[in-house]
**Student:** 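I am attaching a structure below and will ask some questions about it afterwards.
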Amino acid sequence: MKADNDYEVYVTTIVEKYSDMIMRIAFTYLKQHSDAQDVCQDVFVKFFKHAKIFEDAEHEKAWIIRITINTCKDILRSFWKKRFTPVEQVIQPITDPQDHEIVSMVLELPKKYRIVMYLY
Amino acid sequence: MKDNYIHGMREIKADSSLKNAIIQHSLRSRHAQHSRPHPLFKLGIAVISLVCALTLILLAVPDVSVQKHVISGGSSPFGRLAITAYASNGTAIDVEANVEFPLGTYQLVMSSVPGFPIRISAQGADQISLHTSDGEFILWSPTAPKVIYKGQNIQIEPGKTLYWTPLIGKAKSEISEHARIEVTTHNHDQSIQQDIIEIKRDDQYRYTGKWLNSSLNK
């Protein structure tokens with residue numbers, strides 16, 4: 001019982017710590033909120049499945065960033081992404097018009113620059 | 001500008017429902033892992049089941065002539081319905097009646113196919129109709145890569161490959177987790193046989209199929 005409780009606390013901590021970061025990286029890559037949510041779920045499935053031992057917090061964060069980017073690339077390479085483009089425009093949950101405009105401009109950049117902008 | 005970008009990106013975050021779903025899924029997966037039987041036990045059961053199945057087949061149907069994808073000698077005058085499905089590596093897997101079979105696995109991120117591939121053949125039938133409860137059927141050919149959406153109902157000739165996709169909705173943004181496909185074979189507008197294929201998605205977001213033979217040997 002204690003082990004189950006400890007694991008639940010561990011899972012909750014990890015999800016709270018990294019879910020927003022994963023969403024932002026995925027959104028930067030894929031420009032779709034729903035796709036970013038799928039990536040977020042996939043990354044945590046992989047994280048808890050492989051249960052890697054990390055040297056420190058930075059190592060853990062770097063691993064998650066790498067897995068997120070690779071998952072985004074897999075989706076971009078998928079059959080549907082190659083052949084199907086969503087009809088609706090990119091929807092950003094950003095309320096401030098000026099912030100929205102700046103983020104939109106960054107999202108227009110090639111993805112190798114977009115992700116660097118975010119990680120910096 | 002930098003502050004605008006930072007403020008804007010801070011509004012992009014995982015909502016509480018998503019976080020809860022991820023946490024619950026992780027806890028369920030861990031519980032499922034601990035409940036799994038030992039791999040050697042599963043292997044032993046699989047070997048014993050295979051030996052029993054082969055023994056029954058050899059004893060029960062010694063005169064069956066197995067043709068490509070079709071097993072003759074069933075109670076239906078048009079031969080038994082056989083399904084060929086394709087694993088993720090493209091290997092064709094022949095399926096016999098009344099046997100649970102692996103259709104391979106399909107994931108949405110696969111770039112080589114537009115959906116879960118299924119090929120249905122039936123000796124003596126001139127048409128096969130299918131209806132799916134969820135998802136949609138697709139016709140597609142690697143040589144002419146145009147995707148043709150056929151909706152939830154389709155009629156095809158035996159031997160033709162079709163695909164099932166879990167993507168639904170006008171924008172193809174919703175994803176089905178499972179589907180029940182009714183398969184009916186016809187000959188000169190007469191329904192001969194009806195079967196069911198069940199497609200389900202597991203925790204790893206992989207789709208697998210199961211054929212539930214319903215009317216053979218009636």
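Each chain gets a letter, A, B and so on, in the order its sequence line appears, and its residues count up from 1.
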**Student:** Please classify the contact of H25(B) with chain A as side chain, backbone, both or neither, using a heavy-atom distance under 4.5 Å.
**Tutor:**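 Just its side chain gets close to chain A.
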**Student:** Under a 4.5 Å heavy-atom cut-off, does chain A meet the side chain of D15(B), its backbone, both or neither?
**Tutor:**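 Just its side chain gets close to chain A.
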**Student:** Give the ring-plane orientation class for F116(B) versus W164(B), where under 30° counts as parallel, over 60° as perpendicular and anything between as tilted.
**Tutor:**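 Ring orientation, 0 to 90° scale: perpendicular.
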**Student:** What part of L18(B) gets closer than 4.5 Å to chain A, counting heavy atoms only: side chain, backbone, both or neither?
**Tutor:**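 Answer is side chain: those atoms of L18(B) sit under 4.5 Å from chain A.
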**Student:** Once salt bridge (charged side-chain N to carboxylate O under 4.0 Å, His left out) is applied, do any residues pair with R201(B), and if so which ones, sequence neighbours excluded?
**Tutor:**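 R201(B): salt bridge (charged side-chain N to carboxylate O under 4.0 Å, His left out) contacts with E177(B).
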**Student:** Return the orientation label for the F44(A) and F48(A) ring planes: parallel under 30°, perpendicular over 60°, tilted otherwise.
**Tutor:**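 Taking F48(A) first and then F44(A), their aromatic rings lie parallel (interplane angle under 30°).
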**Student:** Mind checking salt bridge (charged side-chain N to carboxylate O under 4.0 Å, His left out) for R10(B) and listing every partner two or more places apart, or none if nothing turns up?
**Tutor:**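 Scan of R10(B) (salt bridge (charged side-chain N to carboxylate O under 4.0 Å, His left out), adjacent residues dropped) gives none.
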**Student:** Between D38(A), V11(A), I14(A), which has the largest tally of heavy atom pairs under 4.5 Å with chain B?
**Tutor:**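 The option with the most such pairs is V11(A).
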